[in-house]
Q: 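My structure is below; once you've seen it, I'll send some questions.
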Amino acid sequence: MANRIETLAPPSTSGAVLRERAAGPPALTTLWRFCRRKPLGAVGGLIVLAMILMAVLAPWIAHYTYDETIRGARMKPPGAQFWMGTDNLGRDIWSRVVYGARISVTVGFGAVLIAQALASAIGITSGYFGGKYDICVQRVVDAWQSFPFLIVILSVMAVLGPGLLNVTLALGAVGAANASRIIRGTTISVTQNVYVESARALGAGHLRIMVRHILPNVAATIIVLATIGLGAFILAESALSFLGFGVPPPYPSWGGMLSGSGRAFFLDAPWIAIYPGLAISLAVFGFNMLGDALRDVLDPRLRGTGGRVR
Amino acid sequence: MLEERAYGKDLDDLRAKLGLDRPIYIQYFEWLGRVVRGQLGESLWTKRPVIEELARRLPVSLELGLMALGFSISLALPIGILAAIRQDSASDYIARSLAILGLSVPGFWIATLVVLLPAIWWGWSPPIQFTEWSVDRWAHVSQFILPAVILGIASAAAVMRLTRAMLLDVLRQDYVRTAWAKGVGERAVVLKHSLKNALIPVVTVLGIQVAQILGGTVIFETIFGLPGMGRFLFDAINQRDYPVIQGVNLLIVSVVVLMNLTVDAFYAYLDPRIRY
């Protein structure tokens with residue numbers, strides 16, 4: 001009986017503190033719940049985390065530098081000394097894969113930043129203002145979207161020339177179209193909300209409404225698009241480098257490691273071809289899994305979109 | 001086009017000949033005028049008219065693209081439907097994981113391995129020489145199978161995911177429940193009542209997939225040595241052959257626009273509420 005009265009009594013402060021402590025800090029709780037609900041997404045998150053750590057800590061993780069040719073170690077098979085073997089120039093593939101994470105992460109995050117900034121600016125203004133502005137902008141986006149991604153990028157790279165910065169800029173600019181369309185859709189539904197109307201009634205300007213009231217409410221969409229976009233951009237960068245229009249050698253781009261002079265030696269040293277491709281697949285797989293899970297949790301309306309950059 | 005250290009007069013002559021001394025917008029309108037008359041200029045490299053070259057190479061790319069698209073659809077639709085009607089079953093999980101995998105693994109890597117591994121294990125490799133239809137029909141078709149299948153994987157994954165998601169959406173609607181309640185069999189509910197509505201967004205995505213597949217031809221024609229447009233573009237970019245780059249881009253975009261038009265027309269058939 002006494003027990004029962006106690007539970008019915010208004011919760012004391014100490015009880016609330018206890019309960020909160022049991023559940024841990026809110027951020028960790030959220031993280032834990034996400035892992036429980038979306039185990040595949042958590043695995044994806046781990047892969048992504050590992051890749052970022054690899055990029056940041058490359059000099060400590062790699063056994064050699066990326067362009068160090070090791071004397072007498074040409075095309076050695078994977079073993080205790082060279083975890084992934086060595087290539088035709090006697091360079092350690094494990095070290096090159098580790099340093100390659102830097103390029104993928106740099107290009108991926110850079111391009112996503114550009115693409116999402118552009119897409120948000122276009123999508124939010126287009127969805128918010130509507131009318132003629134929307135119609136005009138959306139026709140441009142239509143045209144932008146209808147070009148095959150790889151073809152435009154290749155043509156742009158033909159003019160700009162290969163290089164880390166150029167790849168990032170080109171990917172970001174070309175990849176923004178698709179995301180802007182989805183952000184526009186979300187903006188249109190957010191703009192219908194009463195709080196936007198009341199903000200306007202209070203005398204808030206267009207810019208203030210868009211930045212303070214609409215942007216936070218489409219942020220979930222932007223985060224999901226960015227995560228899926230990261231995988232897609234990493235894939236696109238590797239394809240470009242594979243074709244020789246991405247990051248030029250000797251920088252160890254994963255795609256670039258699969259092309260060029262090494263191709264002639266694949267038959268005798270297949271590990272040159274296998275590990276960089278495995279790294280790309282794993283990284284993109286991680287981002288896609290994480291993006292999928294984030295989408296289900298943050299913004300289920302986006303189901304069925306995503307995947308590769310179109 | 002000139003020697004390394006050309007003299008001023010020669011440079012000016014060449015610029016005048018190529019029209020590079022005029023303002024950009026004039027050059028653009030002149031180019032547009034020539035395009036309307038069916039002249040795409042000639043390759044700076046081979047000196048042959050671009051349009052002739054394109055006419056020879058377009059069928060190769062179309063063949064590859066259509067086969068990839070056909071493979072993609074015939075794989076994606078059944079698996080997508082199965083995954084949707086058996087939601088959260090083991091086969092659904094397998095299908096979804098495979099789809100994410102298909103989106104993640106770079107096609108050029110699969111292609112490289114597909115060429116490499118059989119060569120190591122059995123000493124077999126795909127033919128390098130391109131065979132014309134008129135020479136040997138079976139050899140002609142079979143040389144497209146490998147690249148088309150690999151090219152279709154990514155697109156199949158995207159189409160499968162969308163088919164599943166859209167079908168799940170439709171299956172939860174009231175009219176489908178009515179159909180179930182009337183005692184309509186599963187096959188009819190799924191294939192007759194639901195699928196057509198679920199396919200509308202899928203058809204849109206197919207239009208986009210065509211663009212993707214055309215882009216992918218650059219990689220696969222290069223790896224498998226098929227003399228199509230993608231390979232043509234790749235070589236042209238390497239050689240800075242601008243008339244060819246322009247011509248290929250123009251042609252590809254035309255194909256994409258035509259495809260999107262077809263998709264829009266097909267919409268009206270799938271959804272009679274849409275009328276143009």
Side-chain angles (χ1 to χ4, degrees), chain A residues 40 44 142-143 145-155 157-159 178 228 231-232 234-236 238-245 254-255 258-259 263 266-268 270 272-274 276-289 291-292 302-310, chain B residues 93 96-97 99-110 112-113 115-117 119-120 125 154-155 157-158 161-166 168-169 201-202 205 207-219 222 230 233-234 236-238 240 242 245-246 248-249 252-253 256-257 259-260:
Chain A
L40 289 181
D142 274 341
Q145 266 186 316
S146 64
F147 280 90
F149 187 71
L150 197 61
I151 305 265
V152 189
I153 288 280
L154 274 180
S155 306
M157 294 308 290
V159 177
N178 201 45
I228 295 174
I234 289 174
L235 201 60
S238 71
L240 278 178
S241 296
F242 174 74
L243 289 173
F245 297 102
W254 290 339
L258 288 170
S259 75
R263 283 191 82 79
F266 282 178
L267 262 183
D268 300 316
I272 306 178
I274 289 172
L278 213 58
I280 303 168
S281 309
L282 205 62
V284 180
F285 190 67
F287 276 111
N288 279 343
M289 296 281 243
D292 259 25
L302 288 179
R303 205 164 294 212
T305 63
R308 299 193 166 194
V309 178
R310 302 182 200 299
Chain B
Y93 270 106
R96 274 155 64 193
S97 309
I100 298 188
L101 205 64
L103 284 174
S104 309
V105 181
F108 60 84
W109 186 51
I110 305 182
T112 305
L113 291 187
V115 174
L116 180 68
L117 294 181
I120 293 176
S125 52
S155 131
R161 278 156 62 98
L162 192 66
T163 308
R164 175 182 174 276
M166 291 302 135
L168 277 179
D169 243 23
V202 176
V205 165
I208 301 170
Q209 288 302 325
V210 170
Q212 285 326 296
I213 285 177
L214 276 177
T217 58
V218 178
I219 292 176
T222 309
L233 179 70
F234 179 74
I237 291 176
N238 270 328
R240 301 255 182 274
Y242 292 109
I245 300 177
Q246 285 175 327
V248 173
N249 269 305
I252 287 180
V253 170
V256 170
V257 170
M259 205 53 217
N260 283 335

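Each chain gets a letter, A, B and so on, in the order its sequence line appears, and its residues count up from 1.
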Q: Non-hydrogen atoms of chain B under 4.5 Å away: do they reach the side chain of A:I234, the backbone, both or neither?
A: neither
Q: Between CG of A:N288 and CZ of B:R161, what distance do you get to the nearest 0.5 Å?
A: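 Between atom CG of A:N288 and atom CZ of B:R161 there are 6.5 Å.
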Q: Does B:F234 have any ring-ring contact (aromatic ring centres under 6.0 Å, His included) partners at least two apart in sequence or in another chain, and if so, which?
A: A:F245
Q: Tell me, for B:I100 versus chain A, whether the close heavy atoms (under 4.5 Å) come from the side chain, the backbone, both or neither.
A: both
Q: Tell me which of these, B:N249, B:L233, B:I110, has more heavy-atom pairs under 4.5 Å with chain A than the rest.
A: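 Answer, by heavy-atom pair count under 4.5 Å with chain A: B:N249.
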Q: Could you report the tightest heavy-atom contact between A:L154 and B:V218, atom names first, then the distance?
A: CD1-CG1, 3.5 Å
Q: Given that the side chain runs from C-beta out, which part of B:L101 has a heavy atom under 4.5 Å from chain A: side chain, backbone, both or neither?
A: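 Its backbone and side chain both get close to chain A.
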Q: Looking at B:G215 and A:L150, what are the two nearest heavy atoms and their distance?
A: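 It is O-CD2, 3.4 Å.
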Q: Relative to chain A, which of B:V256, B:L116, B:V253 shows the most heavy atom pairs under 4.5 Å?
A: B:L116
Q: Under a 3.5 Å distance rule, please check whether B:W109 uses its side chain to pair with a backbone N or O of A:G255 as donor and acceptor.
A: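 No; judged by distance alone, with no hydrogens or angles, the pair does not exist.
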Q: If you measure from OG1 on B:T112 to CD1 on A:I274, what distance do you get to the nearest 0.5 Å?
A: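 Rounded to the nearest 0.5 Å, the OG1-CD1 separation comes out at 11.0 Å.
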Q: A:L282 versus chain B, heavy atoms under 4.5 Å apart: side chain, backbone, both or neither?
A: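 Interface part for A:L282: neither.
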Q: Can you find a heavy atom in the side chain of B:I237 that is under 4.5 Å from one in the side chain of A:L243?
A: no
Q: Within the structure provided, determine whether B:I219 and A:F242 are in side-chain contact (heavy-atom separation under 4.5 Å).
A: yes
Q: At a heavy-atom distance under 4.5 Å, which candidate from A:G244, A:A283, A:G286, A:G277 has the highest pair count against chain B?
A: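 Option with the greatest count: A:G277.
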Q: On a heavy-atom basis, which atom in A:L235 and which in B:S104 lie closest, and how many Å separate them?
A: CD1-O, 3.5 Å
